[in-house]
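In what follows, a single structure is set out as structure tokens and then discussed.
Please read all numbers here as calculations on a predicted model, not as lab measurements. Below, each value reflects all heavy atoms present in this structure, side chains not excepted, and no hydrogens, waters or symmetry copies. In what follows, chains carry the letters A, B, and so on, assigned in the order in which the sequence lines appear, proteins first and then strands, with residues in each chain numbered from 1.
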Amino acid sequence: MSASQLSNSKVSQTKNTKFQSIKGFYDILPEDSPLWQKLEDTARRVLNQYGYRNIRIPIVESTELFVRSVGEHTDIVEKEMYAWTDSLNGDSLTLRPEGTAGCVRAVVESNLTYNGPVRLWYMGPMFRHENVQKGRQRQFHQIGVEAFGYRTPDVDAEQIVLLARLWRELGIEDVELQINSIGDAVERTQYRQTLIDYFEQHTDVLDEDAMRRLQTNPLRILDSKNPKMQAICEAAPKLMDSLGNETRMHFEGVCVLLKDAGVAYKVNPRLVRGLDYYNRTVFEWVTTKLGAQGTIAGGGRYDSLVERLGGDATPACGFGIGLERVFLLMQEYGIVANETPDVYLVNVGELAEKKAFDMAETMRNAGLSVVLHAGGGSFKSQMKKADKSNARYAAILGDDEAALGEVSLKPLLEVGEQVKCKVSDVFSIIKR
RNA sequence: GUGGCCGUAGCUCAGCUGGUAGAGCCCUGGAUUGUGAUUCCAGUUGUCGUGGGUUCGAGCCCCAUCGGUCACCCCA
């Protein structure tokens with residue numbers, strides 16, 4: 001392919017056209033970045049508290065990995081994947097639409113469960129070619145949390161409780177926990193057939209959407225918002241009723257632990273997840289404050305995926321957090337994070353300008369965060385910049401101070417006396 | 001993939017039945033020598049998303065296109 005063929009024809013037609021980010025791909029600007037970091041830092045801390053270990057996995061995997069794990073007939077695989085053929089060797093590759101598949105691949109590849117169960121987490125961008133709307137971008141960010149080798153309900157509950165703690169630490173309230181058990185593969189297949197049989201007796205009531213789902217995902221019909229189908233959905237056979245004893249006990253176990261932990265939940269029998277690999281416990285944390293995209297975290301058990309991807313049979317449980325949505329929710333709650341340097345170093349005068357650079361380094365050596373005013377300007381304008389920078393103190397360096405190796409410290413965030421001191425004393429004055 | 005609404009200054013927006021482009025915020029300078037965020041004064045802000053069309057004349061009307069936004073679907 002030639003260079004001219006490679007260039008975007010729409011852009012190259014008009015000269016000097018400004019580039020724009022691709023639809024659904026966006027910049028997180030410095031204004032928003034501190035709040036993102038607060039979110040990420042808080043999550044890291046909480047995950048650490050629970051003994052989850054970080055793993056960093058690629059953004060690109062082989063297409064087949066996602067087809068096998070997410071499911072051939074899911075929306076993600078059928079129409080949302082950024083997939084292409086590597087022009088150098090013909091491999092079919094895909095930008096990851098979710099993280100679990102790659103994580104399982106890594107666990108199997110490096111045999112991470114060799115010494116027993118592991119708890120893992122990762123963070124980063126995911127890619128789905130969907131239409132954008134509030135809380136949904138084509139490149140979006142998730143924290144993925146996965147536990148491998150744990151069979152018992154305590155891990156399911158642990159992950160849910162971990163999330164409850166995260167919301168608490170972030171200052172997010174009023175998020176609802178919905179849980180359900182969708183059974184093992186066999187139980188679900190049975191139930192699926194039961195459901196198809198049931199709805200096929202009532203096709204006169206089903207709308208177009210439901211008729212389509214009857215073939216693709218009959219469990220989703222129960223979720224219909226069509227009021228005309230409300231009655232028939234209510235009367236439909238319940239998934240819970242077709243679950244085996246072991247599955248029910250597992251679900252009971254999760255519920256009891258949640259109760260004991262004081263985490264409120266709502267059993268939602270219609271809660272099914274869009275990815276094929278889930279079984280038994282599924283859950284979502286939902287908010288009503290973000291419009292249509294209310295799920296801020298969701299996950300569940302996927303006991304057969306590891307084996308399906310070539311590993312030894314290993315039970316597993318995990319979830320994803322939609323960081324954009326949590327971020328929006330934090331904004332909704334007025335949660336803020338500001339960058340506040342300790343010092344903004346104002347420097348006016350020939351000698352002062354000469355010494356300021358070195359003086360800033362000295363203060364940084366002492367452990368302070370120091371923004372050096374660069375580029376000259378009047379005293380007044382420098383003070384204005386100091387104010388804008390959100391710094392706690394303006395360190396004023398004029399020729400008087402410079403000659404003596406001193407600075408004048410003026411508090412900017414609260415009222416207080418301006419004091420003149422040696423550069424070496426700045427740290428102890430500010431940090432006391 | 002489908003539909004509603006919207007694109008005017010860095011930001012938030014006004015702009016009448018078509019008649020040369022506006023406000024606030026921000027930014028810059030000043031209100032007697034080196035003190036910010038408040039106040040007062042002055043000043044800079046633009047291919048009106050893009051490309052066509054109608055018209056003597058288009059920010060405004062028409063078509064196309066791109067983008068934003070919200071929703072369906074689906075999901076984090």
Side-chain angles (χ1 to χ4, degrees), chain A residues 8 10-11 13-14 16-26 29 31 70 74-80 97-100 123-145 163 208-209 212-213 216-217 220 223-226 271-275 278 283-287 290-299 318-329 344 346-349 352 373 377-391 393-402 408-415 418 420:
Chain A
N8 186 328
K10 266 176 282 180
V11 170
Q13 274 165 13
T14 39
N16 296 335
T17 309
K18 275 188 197 166
F19 286 99
Q20 306 181 296
S21 67
I22 308 302
K23 185 186 183 77
F25 292 69
Y26 70 106
L29 300 174
E31 190 186 348
V70 174
T74 57
D75 276 16
I76 290 178
V77 168
E78 279 182 351
K79 49 192 187 193
E80 296 174 359
E98 60 101 48
T100 301
M123 168 159 59
M126 308 293 167
F127 306 85
R128 293 182 198 171
H129 194 124
E130 306 181 88
N131 246 345
V132 297
Q133 70 186 78
K134 185 171 188 177
R136 186 158 78 187
Q137 298 286 335
R138 289 182 178 176
Q139 174 177 334
F140 60 103
H141 299 81
Q142 283 190 344
I143 289 176
V145 177
L163 281 166
E208 196 185 333
D209 221 28
R212 182 174 51 79
R213 283 167 169 166
T216 57
N217 196 347
R220 277 266 167 210
D223 229 354
S224 171
K225 285 158 193 159
N226 188 340
L271 179 65
V272 295
R273 316 232 64 241
L275 285 63
Y278 287 112
F283 63 88
E284 284 187 9
W285 285 91
V286 181
T287 174
L290 292 181
Q293 310 303 326
T295 302
I296 58 173
F319 64 86
I321 307 172
L323 294 181
E324 272 76 6
R325 292 176 188 179
V326 176
F327 177 87
L328 288 171
L329 202 50
Y344 190 96
V346 169
N347 56 100
V348 181
H373 180 87
S378 70
F379 190 85
K380 189 189 183 72
S381 68
Q382 291 198 28
M383 285 303 289
K384 278 188 175 181
K385 293 257 167 55
D387 186 56
K388 285 268 149 54
S389 78
N390 238 337
Y393 288 85
I396 299 164
L397 182 64
D399 284 344
D400 299 354
E401 288 93 343
S408 295
L409 282 178
K410 175 168 186 173
L412 294 175
L413 298 184
E414 47 202 62
V415 274
Q418 177 171 320
K420 196 178 278 192

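- Note on Ile296(A): only backbone sugar-phosphate atoms sit closer than 4.0 angstrom, heavy atoms only; bases stay farther off.
- Between Lys23(A) and Thr74(A), the residue anchored closer to the 5' end of RNA chain B is Lys23(A), taking for each the nucleotide with the nearest heavy atom.
- One finds the CD atom of Gln137(A) at 10.5 Å from the CZ atom of Arg325(A) (value rounded to the nearest 0.5 Å).
- Side-chain atoms of Arg136(A) stay outside donor-acceptor range of the base of C70(B), with no qualifying N/O pair under 3.5 Å.
- Under 3.5 Å, the side chain of Gln133(A) and the base of G68(B) form no donor-acceptor pair of N or O atoms.
- Of the two residues contacting RNA chain B, namely Ile396(A) and Gly135(A), the nearest-nucleotide position lying further toward the 5' end is that of Ile396(A).
- Nucleotides G68(B) and C61(B) have their P atoms positioned 23 Å apart, rounded to a whole Å.
- Here Lys385(A) reaches the OP1 or OP2 of U28(B): one of its side-chain N or O atoms lies under 4.0 Å away.
- Nearest to the side chain of Glu80(A), among G29(B), C74(B), A76(B), sits C74(B).
- The distance from the CG atom of Asp75(A) to the CD atom of Glu130(A) is 8.0 Å, given to the nearest 0.5 Å.
- Nucleotide G19(B) forms a pair with C56(B), judged by Watson-Crick or G-U wobble geometry with both contacts under 3.5 Å.
- With contacts defined as side-chain heavy-atom distances shorter than 4.5 Å, the pair Ile396(A)/Gln418(A) qualifies.
- Only the P atoms considered, C13(B) is 29 Å distant from G52(B), to the nearest whole Å.
- Not a single donor-acceptor pair, N or O on each side, falls under 3.5 Å between the base of U35(B) and the side chain of Lys380(A).
- Distance check on atom P: C27(B) versus U38(B) gives 9 Å, rounded to whole Å.
- For A42(B), the paired base is U28(B) (Watson-Crick or G-U wobble, both distances below 3.5 Å).
- Separation of the P atoms belonging to G3(B) and A9(B) is 29 Å when rounded to the nearest angstrom.
- Comparing A76(B), G36(B), C72(B) by their closest approach to the side chain of Arg325(A) singles out A76(B).
- Shown here, U2(B) forms a base pair with A71(B); the pair counts as Watson-Crick or G-U wobble because both key distances fall under 3.5 Å.
- Contact annotation for Ala297(A): backbone-only contact, meaning every heavy-atom pair under 4.0 Å involves sugar-phosphate atoms and none involves a base.
- Remark: side-chain polar atoms of Glu324(A) are paired, donor with acceptor, to backbone N or O of His141(A) under 3.5 angstrom.
- At a cut-off of 3.5 angstrom, counting only N and O atoms as typed in the model, there is no donor on one side facing an acceptor on the other between the side-chain of Glu31(A) and the base of C11(B).
- Separating the NZ atom of Lys134(A) from the P atom of C73(B) is a distance of 18 Å, rounded to the nearest angstrom.
- Pairing for C48(B) is absent, with no Watson-Crick or G-U wobble pair whose two atom distances lie under 3.5 Å.
- No engagement by Glu78(A) is indicated, since no non-hydrogen atom pair under 4.0 Å with the nucleic acid exists.
- Proximity note for Gln418(A) (side chain, C-beta onward) versus A76(B), G67(B), U35(B): the nearest is U35(B).
- With hydrogens and angles ignored, no donor-acceptor pair under 3.5 angstrom links the side chain of Gln382(A) to the base of U35(B).
- Residue contacts for Lys384(A): at a heavy-atom cut-off of 4.0 Å it reaches the sugar-phosphate backbone alone, with no base atom in range.
- C48(B) sits 11 Å from G15(B) when the C1' atoms are compared, rounded to a whole Å.
- No more than 12 heavy atoms of other residues, nucleotides or ligands lie within 6.0 Å of CD1 in Ile22(A), so this atom counts as exposed by the packing criterion.
- Annotation: U32(B) and A37(B) have their P atoms spaced 15 Å apart (nearest Å).
- Between C73(B) and U54(B), the two P atoms lie 44 Å apart (nearest whole Å).
- Among the nucleotides A76(B), C73(B), U35(B), the one closest to any side-chain atom of Gln293(A) is C73(B).
- Pair assignment for G7(B): C66(B), on the basis of Watson-Crick or G-U wobble contacts that are both within less than 3.5 Å.
- Rounding to the nearest 0.5 Å places CE of Met383(A) at 5.5 Å from CG of Leu412(A).
- Comparing atom distances between the Lys388(A) side chain and each of C26(B), A76(B), A37(B) picks out C26(B) as nearest.
- Spacing between atom CG of Leu409(A) and atom C1' of U35(B) amounts to 14 Å, rounded to whole angstrom units.
- When distances are taken from the side chain of Asn131(A) to each of A71(B), U35(B), C74(B), the shortest belongs to A71(B).
- Regarding Leu412(A), its CG atom lies at a distance of 15 Å from the P atom of U35(B), rounded to whole Å.
- As rounded to the nearest Å, G24(B) and U44(B) have P atoms that lie 13 Å from one another.
- Judged by distance alone, with hydrogens and angles left aside, the side-chain atoms of Glu98(A) form no donor-acceptor pair with the main-chain N or O of Met126(A) at under 3.5 Å.
- Side-chain contact between Ile296(A) and Leu290(A): present, with at least one pair of heavy atoms (C-beta onward) separated by less than 4.5 Å.
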